[in-house]
Amino acid sequence: MQQVETLAAELYNSATTNEQRAEVERQLSVFSTDPAMLEQSRMILDQSSQPFALHLAASSLQKLMTGHWGRFTAQQRSDLRSHVLNLLAQRGPQLQVFVNVALVSLMARITKLGWFDPTLPCFSEMGQPSPCLCCPGIIALSTVSIKNSSNCSHE
Amino acid sequence: MSACRFENPDFCEVTKEVDQFLQASVDHCIIGLQILNEMATEMNVNKTGQPLSVHRKKSVSFRDRSLLQMFQTSLQTLDNVLRGGMGTLTPTQEIKIREQSLKLCLGCLSYDFIGTSSDESTEDVGTVQIPTGWRSHIENEATLGTLLQTFTTSQPAQSAQALECISQLSSVRRSLFPNQDARQAFLARVLSAVCFCPNPAQQHLNICTTGHTISSPIARLLYPVGSCASKASA
């Protein structure tokens, strides 16, 4: 965590030379290219108080979501979106303007990418009332789970 | 606000979620307006290279579900600031609220309603293809009044934004109105409001005219009014 904060500060520091910046960017690029880094970025958002690290986490998550949308489950997408909204509600007024801009941008991107995503609670409700609704509910759920786990989505 | 928890899995309910920001403190309200602004841009522009058909479906769905409400929010917030309903605002807060509300208002009025401006080279499309359902809000005198009052009471940068909103408002498609009389009445209201604006407006106009940003809205305002006047005299 501390290492990431140091690197993020170096990345945005005007005193850093171009070579150093390229090296830092290479080290930090994993956050915006590897879907497995989702939780680490979320942890930075939660725990770091350093604006550069927060900006890095938010912009990396935006790249990650845009580039690998199909790799995340509906639950992960929804959780991240709620997480960002809660962060803006709780800490937004105290955060730097550029951090807020990155967070708002991330939230809007997830909202657009998932605009027509079926919401899971609706399907679980479909399973409840009667057998004739239960079948399409299960079919829909299985389709959603296949779609979400496959990587061939255009999004 | 800190007690609120966002756990809504339906992304299309974004305006409801943002309402919680708008009703909390002034700083939260500014963040809420920022979110709405970003949503309007994100849904209007295909930033992620999605297939055009997918982008348009989302863009149209957003237009039908949320855009009118956002337009109303922008006007209500401006009205609230003008009436002093937001309590004591610091100068920075007031500028930010006006700036974000006007940006939102302009963003709603400049939305690519029918998917015609995907070609970025056409900067100025001219006619605003407002959905028919918006008519009562466009014709409502309070809409023009709020924008005009914002124009006369704001700093030059926000005044310019307000004027752009008014010019966009006056460029709505003619088929929005049921007949020529209704359209003429609407344009006459815009024209008289702008022309007989109290002195501070002229002062702002003088400051603003140095930048070319203002000349374009005025020219656009003159076009529909001019065409209307020539028809009336014929």
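Chain A is the first sequence line, chain B the second, and so forth, proteins listed ahead of strands; every chain is numbered from 1.
Surrounding CD of A:Q3 are at most 12 heavy atoms belonging to other residues, nucleotides or ligands under 6.0 Å away. Residue-environment remark: NZ (B:K47) exceeds the threshold of 12 foreign heavy atoms within 6.0 Å.
B:S66 approaches A:W115 most closely through the heavy-atom pair OG-CH2, 4.1 Å. The two residues B:Q34 and A:V104 make their nearest non-hydrogen contact at O-CG1, 3.7 Å.
A salt bridge between B:E38 and A:K112 is absent, with no side-chain N of the basic residue lying under 4.0 Å from a carboxylate O of the acidic one.
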Quiz prompt | Test log, rule side-chain contact (heavy atoms from CB on, under 4.5 Å), inputs A:L85 and B:F21 | solution = CA-CA 10 Å; A:L85 270 176; B:F21 282 86; 3.8 Å; yes
Quiz item: Stepwise, does the side-chain contact (heavy atoms from CB on, under 4.5 Å) test hold for A:R81 with B:E17?
Solution: CA-CA 12 Å; A:R81 186 174 171 281; B:E17 292 170 309; 2.6 Å; yes
Exercise. Show your working on side-chain contact (heavy atoms from CB on, under 4.5 Å) between B:K96 and A:V97 and close with a plain yes or no.
Key: CA-CA 12 Å; B:K96 274 193 177 173; A:V97 174; 4.1 Å; yes
Exercise. Applying side-chain contact (heavy atoms from CB on, under 4.5 Å), run through A:M107 and B:V14 and close with a yes or a no.
Key: CA-CA 10 Å; A:M107 185 267 169; B:V14 61; 3.7 Å; yes
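For the atom pair A:L113 CG and B:Q50 CD, the distance stands at 5.5 Å (nearest 0.5 Å). One distance of note links CD1 of B:I31 with CG of A:N100; it measures 4.5 Å at 0.5 Å rounding.
Side-chain atoms of B:K58 never come within 3.5 Å of backbone atoms of A:F116 as a donor-acceptor pair (strictly under, hydrogens ignored). Not one N or O on the side chain of B:H28 forms a donor-acceptor pair closer than 3.5 Å with the backbone of A:P93.
With a 4.5 Å cut-off on non-hydrogen atoms, A:I110 touches chain B through its backbone and its side chain both. Proximity to chain A is absent for every atom of B:S59, based on heavy atoms less than 4.5 angstrom apart. Both the backbone and the side chain of A:R109 come within contact range of chain B, with heavy atoms under 4.5 Å apart.
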